[in-house]
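Beneath this line is the structure, given in C-alpha cells, with notes to follow.
Sequential numbering from 1 along the given sequence is applied to the chain's residues.
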Amino acid sequence: MIPTTLTALGLVTLLSGAAAAAPAPGYNTEVPSGILTPDTVDTSIGKLKFADGVPTEATVERVYDFLDTSRAADTFLKGMPAASLHALIKGAHSLGAVQANEVIILDKLMDSTPFFLTANSATMYVVPDLDLKRDGPTVVDVPKGLLGAANDAYFRFINNLPEGKYLYLPPGYQGDVPEGYTVLEPNSYRVWVFLRLTPRGDLAEAADFIKGNLKVYPLSQAGSPPEMKWISASGKEFNTIHTNDVTFFDHLNEVVQYEGLETFPPEVRGLFASLGMEKGKPFEPDERMRARLKDGVAIGNAASRAIVWYPRYDLNMQGVRIYPDTNSAWMRAYTDQNVFFNGRDGQTMNTDARVTFHYPYTAVTPAMAQPRLGTGSDYGIAFLDSNKKPFVGSATYRLRLPADAPVANFWAVTLYDPQTRSMLQTPQMNPSIDSIKNSPVLNDDGSVDLYFGPRAPAGKEQNWIQTVPGKGWFTILRMYGPLEGWIDQSWRPSEIERMP
C-alpha cells in the first residue's frame with residue numbers, strides 16, 4: 001500500500017506543476033510579477049534599453065545625466081538655507097563688517113536700495129555675525145529693549161536674545177567655560193545674529209542707545225573688549241541674496257569647506273558629495289557635470305518659485321494657509337507655524353515648507369511664528385490677488401484692514417519684488433505703510449483702505465504704495481505684538497482685490 005500511495009502523491013504533484021504557468025526561459029521557477037526588467041522601457045527621460053537587465057551604454061549615460069540633474073536640483077532646495085545665510089554674511093562683509101566687533105546697523109532704517117530678503121522699513125536692524133573658528137568662544141551682550149535671535153550656518157534656530165550675556169562656543173569646544181553667561185553650542189562656526197529695535201521717536205536716539213549698549217567680542221578679549229565699530233548700512237547698495245545660477249554650487253561649497261561635518265546632516269552631506277562637493281576635497285566639476293549643475297539649478301529655482309507661489313495644499317502644505325475655511329490667498333511664512341519644518345508629528349521633515357520659508361525670507365525664530373499675546377510678531381503674506389492671480393504692476397489693487405487692528409504695537413504693509421524678494425524699487429524709497437509713521441486715513445467705520453498701483457487714486461495718496469508697470473509684486477502684512485483678534489482670527493484682512 002505504501003508504494004502505491006507515494007506514486008499517487010507523485011502524480012498529483014506532477015499534475016499540479018503542469019497546471020502552473022511554465023517558468024520563463026532561463027528560470028526553473030515562475031518569476032513573480034514586477035521583478036524582471038524589460039529590454040525596452042519608455043520613461044519621461046526617453047527610451048531606456050537593457051540586455052537581460054544590464055543597461056546599455058547609452059542608457060547608463062542618460063540615467064546619470066538624469067541623476068546628476070535631479071541631485072543638483074535637490075541640492076539647490078536643500079542647500080538653500082546655508083547659501084542664504086552665507087550671502088547675508090558676505091553682504092555685511094562687503095560693507096566692512098568683518099570682525100566680531102564690526103557690526104552693520106540700519107540706523108536710518110531699511111529702504112529699497114539693498115537686496116535683502118523681505119526686510120521691513122519700520123524697525124531698526126542691527127546684525128552682528130560671529131566666526132567661532134577664527135575667534136573661538138564669542139560673547140554677545142544684549143541690552144534690554146533689543147529683540148532678536150541667532151541662527152547657525154545652516155540657518156537653524158539657536159536661541160532668542162532678550163537682555164543678557166550670551167556665550168557661543170565652537171563645535172567640539174573642550175576649554176573652560178566661565179560663569180555669568182548663557183552658554184550656546186551651535187553646530188557651526190559661523191553664527192548670524194539679528195537684532196531689532198522699534199524706534200518710538202528720534203532715530204538718532206535709538207541708534208545711540210544700540211551703539212552705547214550692545215557689545216560683541218571674543219571671550220579671549222573679555223578683560224578689555226575692543227571698541228565697537230558701527231557701519232551704517234542705510235541707503236547703501238549691497239547684496240545679501242544667494243544666486244539662482246550655476247555659481248550657487250560654488251558658494252555652497254564655500255560653506256561645506258569652512259564648516260565641520262556636524263553642520264549638515266549625513267544624508268545632506270551625501271547628496272552634496274554625489275555632485276563632487278565634499279569637505280576637504282576640491283570641487284572641480286568637469287564640463288559635463290557643469291552642464292548638469294546648470295540645468296539642475298534652473299529646475300531647482302523654478303521648483304522653489306512654484307512651491308512659494310502655488311504650494312500644494314492637498315499634500316504636505318495644508319498648514320501654510322492662514323484662512324483655509326475661506327480659500328483665502330493669505331499665507332504664513334512658517335507652515336503650521338513650525339520653525340523646525342519637521343512636520344506636525346515633529347519627526348517628518350517638510351522640505352517644501354523649508355523652501356517656502358528660506359526662498360523669500362530670513363531670520364528663524366519662534367518669536368516670529370508663535371508669538372505670545374501682545375509680544376513678538378506674526379505675518380500674513382499675499383502672493384496672489386482675490387482671484388488667485390499674480391499681482392501686476394500696471395493695475396490698481398485695494399486691501400481693506402478692518403477697524404481696530406489687534407496689535408499691541410503696530411501693523412505694517414510692505415511690497416516686494418518677485419525677482420529679488422527684496423523691497424520693490426520705485427520712486428518711493430520705502431514701499432510701505434504702517435500705523436506709526438504714515439498715519440493712513442481711516443474710513444468712517446474705522447477701517448483702512450490701502451491702494452497699490454502705478455498712480456494713487458484721487459484723494460488716496462496717504463494710503464497708497466506705488467507699483468511699476470511691467471513688474472509684479474507681492475506683499476507682507478506685519479502684526480507687531482498681535483492680540484487676540486489676530487490670533488483667534490476674528491479680525492481678518494480682506495483679500496486684495498484688483499480694481500476696475
Side-chain angles (χ1 to χ4, degrees), residues 109-112 115-123 305 308-311 320-323 326-334 356-357 359-363 368 377-402 405 407 410-438 440 447-457 460-480 482 486 491-499:
L109 305 184
M110 181 77 78
D111 63 19
S112 60
F115 295 116
F116 198 110
L117 293 178
T118 51
N120 76 71
S121 60
T123 60
R305 292 177 174 274
V308 169
W309 264 264
Y310 300 99
V320 77
R321 293 190 290 181
I322 301 179
Y323 312 116
T326 61
N327 195 30
S328 169
W330 288 103
M331 296 199 298
R332 308 180 189 278
Y334 294 104
T356 297
F357 181 83
Y359 195 74
Y361 317 119
T362 65
M368 295 197 295
S377 53
D378 205 358
Y379 307 84
I381 303 100
F383 291 98
L384 304 173
D385 68 14
S386 60
N387 294 315
K388 306 302 185 293
K389 301 293 184 183
F391 298 107
V392 295
S394 58
T396 299
Y397 298 82
R398 184 187 67 184
L399 164 65
R400 176 164 292 175
L401 302 180
V407 287
F410 66 100
W411 57 260
V413 174
T414 308
L415 300 195
Y416 297 96
D417 182 333
Q419 285 280 6
T420 66
R421 293 93 73 205
S422 303
M423 287 187 193
L424 188 67
Q425 293 187 339
T426 73
Q428 291 178 328
M429 293 304 293
N430 292 312
S432 181
I433 292 176
D434 68 59
S435 57
I436 293 181
K437 299 196 306 291
N438 302 102
S447 63
V448 179
D449 287 340
L450 303 180
Y451 297 89
F452 318 112
R455 292 169 297 280
K460 306 298 183 183
E461 291 79 7
Q462 190 75 8
N463 293 29
W464 166 68
I465 303 177
Q466 188 173 7
T467 60
V468 182
K471 170 156 281 300
W473 54 273
F474 66 93
T475 189
I476 297 180
L477 166 63
R478 289 176 165 87
M479 306 291 281
Y480 291 99
W486 172 263
W491 183 97
R492 298 185 180 191
S494 75
E495 300 300 293
I496 301 177
E497 297 179 344
R498 182 168 178 168
M499 300 181 67

Any [X] side-chain heavy atom under 4.5 Å of [Y] side chain:
| X | Y | value |
| --- | --- | --- |
| Phe474 | Trp309 | yes |
| Pro482 | Trp491 | no |
| Met331 | Val308 | no |
| Ile322 | Ser328 | no |
| Arg321 | Trp330 | no |
| Val407 | Tyr480 | no |
| Pro311 | Phe383 | no |
| Leu450 | Ile465 | no |

Heavy-atom pair of closest approach, residues [X] and [Y]:
| X | Y | answer |
| --- | --- | --- |
| Asp417 | Lys471 | OD1-NZ, 3.1 Å |
| Ile433 | Gln462 | CD1-O, 4.0 Å |
| Tyr323 | Pro493 | OH-CD, 3.3 Å |
| Pro390 | Tyr310 | CG-OH, 3.5 Å |
| Ile476 | Tyr379 | CG2-CD2, 4.0 Å |
| Phe357 | Ala363 | CZ-O, 3.5 Å |

Asp449/Lys460 under salt bridge (charged side-chain N to carboxylate O under 4.0 Å, His left out): CA gap, chis, key distance, verdict:
CA-CA 9 Å; Asp449 287 340; Lys460 306 298 183 183; 5.8 Å; no
Is a donor on one side and an acceptor on the other found under 3.5 Å between the side chain of [X] and the backbone of [Y]?
| X | Y | answer |
| --- | --- | --- |
| Gln428 | Gln466 | yes |
| Gln425 | Ser112 | yes |
| Ser494 | Leu399 | no |
| Thr475 | Thr414 | yes |
| Arg421 | Phe115 | no |
| Thr118 | Pro360 | yes |
| Lys389 | Arg498 | no |
| Glu495 | Ala329 | yes |
| Trp464 | Gly453 | yes |
| Asn438 | Pro440 | no |

Output the distance between atom [atom1] ([X]) and atom [atom2] ([Y]), rounded to the nearest 0.5 Å.
| X | Y | atom1 | atom2 | result |
| --- | --- | --- | --- | --- |
| Arg455 | Thr467 | CZ | OG1 | 9.0 Å |
| Thr356 | Tyr361 | OG1 | OH | 8.0 Å |
| Tyr334 | Met368 | OH | CE | 4.5 Å |
| Ile381 | Arg332 | CD1 | CZ | 9.5 Å |
| Leu415 | Ser432 | CG | OG | 8.0 Å |
| Leu109 | Asn430 | CG | CG | 7.5 Å |

Using the six-membered ring wherever Trp is involved, compare the ring planes of Tyr397 and Trp473 and label them parallel, tilted or perpendicular (cut-offs 30° and 60°).
perpendicular
